[in-house]
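See structure below.
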Amino acid sequence: FRNDLRDIDPEFIPNIVSIFKITNTNKKFSYLFMTNDNTYGYGDELCKWLSLQHDPKRPQQIDILNDKKIIQVDSGEDFVVVLTDDGLVYLASGNSRWQTNNTLRLISTGNDRFEMIACGCLHFLLLRQDGTVFALGDNCYGVLTGNSDSHVTLVNTGLNNVKIIACGGFHNLALTNTNEIYSWGYNNYGQLGLGDTNVRRTPSLVSFPDGSINSQIKNIVAGMWHSLFLLEDGQIFGCGYGQHPINDNEQDAKVPTKIPIE
């Protein structure tokens, strides 16, 4: 970050304990800086979203996050989402569809508390502490399930007992406590791992080619057009764009395919 942060007061730098870089489609960068006590915004774009005045020498304190510990940050196209350790989710954006009104909008309502977030290009997922998965944003390719966009009201995807969520550009993954993977959304390259390239507007169960695997699934991640699955025994499976073994004529994998990493 040295070049991007070269103008900041050197006395501020040692206070930073973590950094999140927000990249927008216009390639203007903004940052969230977390210290032990507070969170700061830096960059023209983010400051505009939060009604702050950008100062190249001094990041701007975000008052609504005072004394809150941030446990996760993720971003999509012209928006950023923050999850705090008390289970609350906040959203900032330069897009009026999100109705943030130039501040950090509290997404959580009532007694809802969340433990994980994941952002796609134009939407994001929220994992509630009871294992239920919700979605918000544009509904491109059915990523919210159903047929409508929703930028204000959380959409219940119907998935529960989930422990990990992941978003690609326009597709979603969810891993349950019973070692099942569900996928839905855009599927032009087979990134859903369902054996075809058909869009899914509801979560669909992913099966591995041999019908079962001998190890539990440890983690899931999604890129723009592909998905990866890490097993407890160290094996990695992938599907979607470029995930077929390189010695095969077919470059895209439509089902989870073992990646040779030996």
Side-chain angles (χ1 to χ4, degrees), residues 1 4-5 7-24 26 28-130 132-137 150-154 164-167:
F1 301 131
D4 292 346
L5 310 185
D7 296 326
I8 294 180
D9 181 351
E11 293 184 0
F12 178 82
I13 300 295
N15 297 314
I16 300 172
V17 296
S18 59
I19 298 175
F20 184 83
K21 186 175 185 178
I22 304 166
T23 305
N24 295 315
N26 57 12
K28 289 186 177 180
F29 302 125
S30 294
Y31 290 90
L32 283 173
F33 299 134
M34 280 68 77
T35 67
N36 285 322
D37 301 313
N38 298 303
T39 300
Y40 297 80
Y42 184 75
D44 282 324
E45 292 290 295
L46 179 60
C47 286
K48 288 177 182 176
W49 299 353
L50 298 176
S51 299
L52 300 173
Q53 183 66 44
H54 172 61
D55 182 347
K57 294 184 178 181
R58 189 75 184 178
Q60 302 297 301
Q61 187 169 322
I62 302 173
D63 292 340
I64 196 173
L65 296 177
N66 283 353
D67 300 320
K68 287 184 175 289
K69 181 180 178 181
I70 293 177
I71 60 172
Q72 191 182 356
V73 183
D74 203 354
S75 63
E77 187 174 310
D78 294 324
F79 71 95
V80 62
V81 185
V82 174
L83 174 64
T84 57
D85 65 346
D86 53 1
L88 299 180
V89 176
Y90 298 86
L91 168 74
S93 176
N95 188 329
S96 61
R97 298 189 70 184
W98 289 106
Q99 299 185 32
T100 57
N101 298 317
N102 298 314
T103 187
L104 265 181
R105 174 186 152 200
L106 178 62
I107 298 299
S108 309
T109 57
N111 295 321
D112 285 344
R113 294 297 182 267
F114 299 92
E115 65 181 31
M116 192 174 188
I117 54 175
C119 290
C121 280
L122 303 173
H123 77 289
F124 68 97
L125 298 181
L126 307 91
L127 177 60
R128 198 166 64 184
Q129 291 177 350
D130 64 358
T132 305
V133 179
F134 295 85
L136 202 66
S150 182
H151 292 82
V152 176
T153 304
L154 292 177
I164 300 177
I165 52 176
C167 288

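Residues take their numbers from the sequence shown, with the count starting at 1.
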When you measure from the side chain of [X] to the backbone N and O of [Y], does any donor-acceptor pair fall under 3.5 Å?
X    : Y    : result
Y90  : I107 : no
D74  : C119 : yes
Q72  : I70  : no
S51  : N102 : yes
R105 : V152 : yes
T39  : M34  : no

Taking every non-hydrogen atom, the tightest pair across [X] and [Y]:
X   : Y    : result
I62 : Y40  : CD1-C, 4.0 Å
L32 : G41  : CD2-CA, 4.5 Å
K57 : P59  : O-CD, 4.1 Å
L91 : T100 : O-CG2, 3.7 Å
G87 : Q129 : CA-NE2, 4.2 Å
D67 : N38  : N-OD1, 3.7 Å

Write out all pairs satisfying ring-ring contact (aromatic ring centres under 6.0 Å, His included) with one or both partners inside residues 92-115, taking only residues at least two apart or from two chains.
F79-W98, W98-F124, W98-H151
Atom [atom1] of [X] and atom [atom2] of [Y]: how far apart are they, to the nearest 0.5 Å?
X    : Y    : atom1 : atom2 : answer
D55  : Y42  : CG    : OH    : 8.0 Å
R113 : D85  : CZ    : CG    : 11.5 Å
M116 : L125 : CE    : CG    : 9.5 Å
N101 : S96  : CG    : OG    : 10.0 Å
I164 : L127 : CD1   : CG    : 9.5 Å
L50  : Q61  : CG    : CD    : 12.5 Å

Using the side-chain contact (heavy atoms from CB on, under 4.5 Å) rule, take D4 and Y31 through it: C-alpha gap first, then chi angles, then the decisive distance, then the call.
CA-CA 10 Å; D4 292 346; Y31 290 90; 2.5 Å; yes
Result of checking N15, D9, I16 against I13 for side-chain contact (heavy atoms from CB on, under 4.5 Å)
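Result for side-chain contact (heavy atoms from CB on, under 4.5 Å) with I13: I16.
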Pairing residues for D86 by the side-chain hydrogen bond (donor to acceptor under 3.5 Å, both in side chains) criterion, not counting sequence neighbours
K68, T84
Sequence-distant partners of T132, side-chain hydrogen bond (donor to acceptor under 3.5 Å, both in side chains), two or more places apart
D130
Does atom NZ (K69) have a neighbourhood of more than 12 heavy atoms from anything else shown, all under 6.0 Å?
no
For side-chain contact (heavy atoms from CB on, under 4.5 Å), just list the numbers for S30 and D44, CA-CA rounded to whole Å, side-chain angles, deciding distance to a tenth of an Å, and then say yes or no.
CA-CA 7 Å; S30 294; D44 282 324; over 6 Å; no
